Amino acid sequence: MQFRDLKQQYQVLKAGIDKAIRDVAASGAYIMGPQVKELERELAGYVGTRHCISCASGTDALTLALKAWDVKQGDAVFVPDFTFFSSAEAVSLEGATPVFVDVDRDTFNIDPADLENKIEATIRKGESVPKVIIAVDLFGLPANYPAICRIADNHGLLILEDGAQGFGGCANGKRSCSFGDISTTSFFPSKPLGCYGDGGACFTDNDEWATLMDSYRMHGKGSSKYENIRIGMNSRLDTIQASILQVKLRAFAGELAAVNKAAAEYTTRLADIVETPVVPDGFLSNWAQYTIKLNSKTERDKLQAYLKGQGIPSTVYYPSPIHRQIAYRNSGLPESDCPVAGNLCDTVLSLPIHPYISLEEINEVCNAVKTFLASRKRIKWGGTPINGINR
Ligand SMILES: *Cc1c(COP(=O)(O)O)cnc(C)c1O
């Protein structure tokens with residue numbers, strides 16, 4: 001069984017993808033070929049923003065946004081403590097200070113109450129000036145944007161939506177990658193919309209920021225390629241990758257429906273025995289991950305080992321809160337700063353999910369989880385499970 005079966009997706013889309021790759025190879029337009037601009041138009045149309053600026057990775061997309069806003073040393077950027085490393089790394093790379101914010105236990109996303117606390121604490125401390133909130137759509141579920149927007153408006157902050165895992169998610173009829181003042185995504189192969197290498201994109205309605213990000217991705221170009229008006233980067237999406245993404249985007253709606261069906265099958269089978277993911281009313285996830293919560297680190301680690309023994313892959317996203325990563329150890333944060341993030345790192349486990357997973361595979365995973373939790377219950381209490389709940 002595959003954790004995320006990209007080879008199976010390729011078999012389904014093979015004819016279109018092979019043709020797309022061959023066409024680019026024959027065209028000779030390997031950098032910024034016409035497929036790049038076409039894809040950008042299609043992505044902006046799908047998401048519902050005026051502009052899409054593609055680039056070389058999701059991490060670069062965050063960097064381009066921060067550069068467009070001139071985020072620099074002395075600026076504070078609020079980042080959830082429970083996310084992939086690069087949400088914070090991009091901030092530090094610009095010399096700004098990431099301020100880690102705890103997350104909501106149910107949705108895994110940034111906790112608006114703690115966000116408010118961290119902003120006020122940063123203002124009181126006076127060492128850095130609050131500038132940007134990075135909201136991550138973790139595991140495919142959009143963050144709580146109504147609450148985040150209120151806080152951003154109150155304090156005059158910009159919102160950068162890190163939609164690296166969020167593409168295709170929805171909240172109240174609006175699609176992920178349209179919630180931020182600038183939003184970003186990643187086309188890393190295993191992301192919901194992935195290419196066959198690295199890739200990413202920025203989305204915005206703001207013409208000026210779009211022009212700046214377009215310049216920064218091409219060596220700070222001005223009106224032409226060889227007029228350089230600022231220090232920029234080399235961060236473009238390859239034409240081959242754009243052409244692959246065009247094929248995958250056409251299949252995306254069907255995949256989104258299929259993966260939501262798979263998630264519903266999981267929840268039907270597991271909700272009574274373990275904590276399953278929560279999708280608030282009005283929200284739609286793309287199920288970049290299907291993540292359950294166990295009672296303790298021991299229980300989680302033993303379940304993962306048991307599943308491995310059964311030939312079932314699973315992953316811990318994420319084993320450490322960002323503030324505890326070696327790179328941030330001297331950030332001076334007390335251990336108690338983001339308790340929910342710390343607890344989640346000890347107890348979460350992501351199960352295999354993708355649009356092409358079969359009902360048989362889902363049953364196999366669920367039966368293994370059930371068997372494991374039932375046997376642990378017997379070991380613990382020596383009796384049959386009460387209400388079937390093994391906590
Ligand atoms: C994957 C990911 C990124 C980085 O994307 P790359 O394309 O790998 O650079 C950033 N943020 C989050 C939340 C991610 O999951």
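Every number for a ligand or one of its atoms is a count from 1 in the order of the listing. Computed from a prediction, not measured in an experiment: that's the story for all the values here. For the numbers below, each heavy atom of this structure counts, side chains included, while hydrogens, waters and symmetry mates do not.
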Practice task
For residues Ser54 and Arg217, report the shortest heavy-atom separation together with the two atoms involved.
Solution key: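 Residues Ser54 and Arg217, closest heavy atoms: O-NH1, 2.7 Å.
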Handout entry: Residues Lys7, Asp5: salt bridge by 4.0 Å N-O rule
Key =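 Answer for the salt bridge query: no.
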Practice task
State plainly whether the residues Asp111 and Arg105 are in salt-bridge range, i.e. N to O under 4.0 Å.
Solution key: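 Between Arg105 and Asp111 there is no salt bridge, as every charged N stays at least 4.0 Å from the carboxylate O atoms.
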Practice task
Answer yes or no: are there more than 12 heavy-atom neighbours, outside Leu359 itself, under 6.0 Å from its atom CG?
Solution key: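 Atom CG in Leu359 is packed in, count exceeds 12.
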Practice task
Look at atom CD of Glu227 and say whether more than 12 heavy atoms of other residues, nucleotides or ligands are closer to it than 6.0 Å.
Solution key: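 Yes, because the 6.0 Å sphere around CD of Glu227 holds more than 12 heavy atoms from other groups.
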Handout entry: Residue contacts for ligand 1, heavy atom to ligand atom, distance under 4.0 Å
Key =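 Lining ligand 1 at under 4.0 Å, by heavy atoms, one finds Ser57, Gly58, Thr59, Thr83, Phe84, Ser86, Ser87, Val136, Asp162, Ala164, Gln165, Ser186, Lys191, Gly199.
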Problem - Phe82 and Phe139 aromatic ring geometry - parallel, tilted or perpendicular at 30°/60° bounds - result: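 The rings of Phe139 and Phe82 stand perpendicular, inter-plane angle above 60°.
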